[in-house]
Amino acid sequence: MKFYIDPGTGSMLFTVLIGVIGAAIYSARMLIIKLRFKVSGGKITESDEKMPFVIFSDDKRYWNIFAPICREMDKRGKDIVYMTASEDDPALSNPYPHVKAEFIGKDNKAFTRLNFMNASVVLSTTPGLDVYQWKRSKQVQYYVHIPHAANDITLYRMFGIDYYDSILLSGQYQADDIRKLEELRNLPQKELIQVGIPYMDEMTTRFQKLGPAPAHPRTILLAPSWGQSAILNVYGGKIIDVLLKTGYHVIIRPHPQSFKSETAMIEKLMKEYPESDQLEWNRDTDNFDVLRCSDILISDFSGVIFDFALIYDKPVIYTDPRFDLSLYDAWWLNKPLWTASALPRLGSQLTEENMENLKDLIDTCLTDPRYAEGRYQIKKETWVHEGEGARRAVDYLIAKYDELTSADKDK
């Protein structure tokens, strides 16, 4: 009898195997270090002195998530160790005296450092804790997750946030979904704290200082997510052809992960559609300027939709990405995504059938007043405590640290 393993399952099993092997190798290394230390007459310790606060970022693009929190912690004189898996992370040159940033390597090398670290409170936007390579360290007391988009918390791969101790949220619908997942999976309840969205507060402040972009030709931003359900995989060059026919200026900003996971597809499109007076490709680490200078956004299920609509107060056009939820936490809930109810209030849907009329769709979205009202409604649902995100997040982190250290003293 022959056994068949589908590619998705095979990939998952391979990842698990690599994680197990990596953990075994690094456990052996730790044992060797201990033995050497013992032979030299030193005292064996599991790791260095406990760090009060650690932030872990798996990619440089998440510095915008953590920068407001780091600044607020620095203002209060609280020391943070910022661990990043990007050699060129802007955090490595941050201006805050109390924030010590360090590059801890990539992939398994980074996870190994995390798996053995000694800290009181760890904050991260990376899902998958205690699922694959990234294991909970026995010497970390508390893990806190902060999302990097203002939409459904269930759009992580399955079990992505199950093993965090608390989640910093921006809307009640997110809390409701987490509680339902915990019930379905028989998980202990996490602490759920609605703090708002620090990075969106930051972008709003920048936008208010600079104001709208100077006069410019009508500009359309195509900024999809990545993966088989994303715009560039579903429509390919067809959507670029239609955009160019509008006569408007077009900016294409692929998701950063596309340049890693979909290199061949992106390189092919960039070759077929080279930059010109009408078309530009954008890879800026900071998306502030490209969002500010664009008049309308076309995207799929990317969180940038909410940045664009709620911060810059502009309409969007969204596609039907034929999104397969079977790999995501949302699949367990058996109900429509909150995002599915939000998108029609923010703009119009682009389909295969109306794509040739994209110019008319764009013009209508830019003038229809109902979308302004929709943006107001969505902001109330998914962005609580506007302008207070960093302060509230830091209040919670410090309070949690004080609680943990007080409990240790009472033992």
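The model shown is predicted, which means the values in this text are computed figures rather than measured ones. Quick note: numbers below take in every heavy atom, side chains included, and nothing from hydrogens, waters or symmetry partners.
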| request: Please test Trp332 against Asp177 for side chain to side chain donor-acceptor pair (under 3.5 Å), starting from the C-alpha separation and ending with a verdict. | output: CA-CA 10 Å; Trp332 286 70; Asp177 285 349; over 6 Å; no
| Where do Asn151 and Ile305 land on the side chain to side chain contact (heavy atoms under 4.5 Å, CB included) test, with the steps shown first? | CA-CA 9 Å; Asn151 57 0; Ile305 284 176; over 6 Å; no
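Of the N and O atoms on the side chains of Tyr235 and Thr319, not one donor lies less than 3.5 Å from an acceptor on the other residue. Side-chain polar atoms of Gln257 and Ser261 form a donor-acceptor pair below 3.5 angstrom. For the 3.5 Å distance criterion, the side chains of Tyr273 and Asp241 qualify, holding a donor opposite an acceptor. In this model, no donor atom of one side chain and acceptor atom of the other lie less than 3.5 Å apart for Glu403 and Tyr142.
Atom CG of Asn334 has 12 or fewer neighbouring heavy atoms from other residues, nucleotides or ligands inside a 6.0 Å radius. Atom OH of Tyr376 is surrounded by 12 or fewer heavy atoms from other residues, nucleotides or ligands within 6.0 Å. More than 12 heavy atoms of other residues, nucleotides or ligands lie within 6.0 Å of CG in Asp284, so this atom counts as buried by the packing criterion. Counting non-hydrogen atoms of other residues, nucleotides and ligands closer than 6.0 Å to NZ of Lys100 gives a total of 12 or fewer.
The shortest non-hydrogen separation linking Phe308 to Pro315 is CE2-O, 3.2 Å. Summarising the geometry of Asn118 relative to Gln139, their closest heavy-atom pair is OD1-O, 3.2 Å, with the distance given to 0.1 Å. Minimum heavy-atom separation, Tyr156 to Thr125: OH-O, 4.3 Å. Of all heavy-atom pairs between Ala230 and Ser225, the closest is CB-O, 3.3 Å. Nearest heavy-atom pair, Ala340 versus Pro344, reported as atom, atom and distance to 0.1 Å: O-CD, 3.1 Å. Taking both residues in full, the closest heavy atoms of Cys293 and Ala213 are given as CA-CB, 3.8 Å, listed atom of the first, atom of the second, then distance.
Using cut-offs of 30° and 60° on the angle between ring planes, the pair Tyr164 and Trp134 is perpendicular. A tilted orientation is assigned to the rings of Trp63 and Tyr96, their planes being inclined by 30° to 60°. Taking the six-membered ring where the residue is Trp, Phe288 and Tyr312 present tilted rings, their angle falling between 30° and 60°.
We find the NE2-CH2 distance between His255 and Trp226 to be 8.0 Å, quoted to the nearest 0.5 Å. We find the CD1-CD distance between Ile311 and Glu202 to be 10.5 Å, quoted to the nearest 0.5 Å. In this structure, OH on Tyr248 lies 7.0 Å from CD1 on Ile220, to the nearest 0.5 angstrom. Separation of atoms CG (Asp360) and SG (Cys365) is listed at 11.0 Å; rounding is to 0.5 Å.
Checked for salt-bridge contact, Lys180 and Asp176 miss the test: no charged N lies under 4.0 Å from a carboxylate O. Classification of Asp59 and Lys260 as a salt-bridged pair holds, one side-chain N sitting under 4.0 Å from a carboxylate O. Remark: Arg76 engages Glu72 in a salt bridge, criterion side-chain N to carboxylate O under 4.0 Å. The residues Arg391 and Asp395 are annotated as salt-bridged, a charged nitrogen and a carboxylate oxygen being separated by less than 4.0 angstrom. Using a 4.0 Å cut-off between a side-chain N of Lys or Arg and a carboxylate O of Asp or Glu, Asp363 and Arg218 qualify as a salt bridge. The existence of a salt bridge linking Glu373 and Arg370 is excluded, since no basic side-chain nitrogen approaches an acidic carboxylate oxygen closer than 4.0 Å. With salt bridges taken as basic N to acidic carboxylate O contacts below 4.0 Å, one links Asp286 and Arg206.
Test Leu222, Leu346, Val316 against Leu297 for side-chain contact (heavy atoms from CB on, under 4.5 Å) and you get one pass: Val316.
Checked against a 6.0 Å centroid threshold, the rings of Trp338 and Phe306 count as neighbours.
The side-chain tip of Arg136 does not point at the ring of Tyr143 from less than 6.0 angstrom away and within 45° of straight on. Seen from the ring of Tyr371, Arg345 does not count as a face-on cation partner, given the 6.0 Å and 45° thresholds.
Residues Tyr396 and Glu191 have side chains in contact (heavy-atom distance under 4.5 Å, counting atoms from C-beta outward).
Checking side-chain atoms of Asn94 against main-chain N and O of Ala91 turns up a donor-acceptor pair under 3.5 Å.
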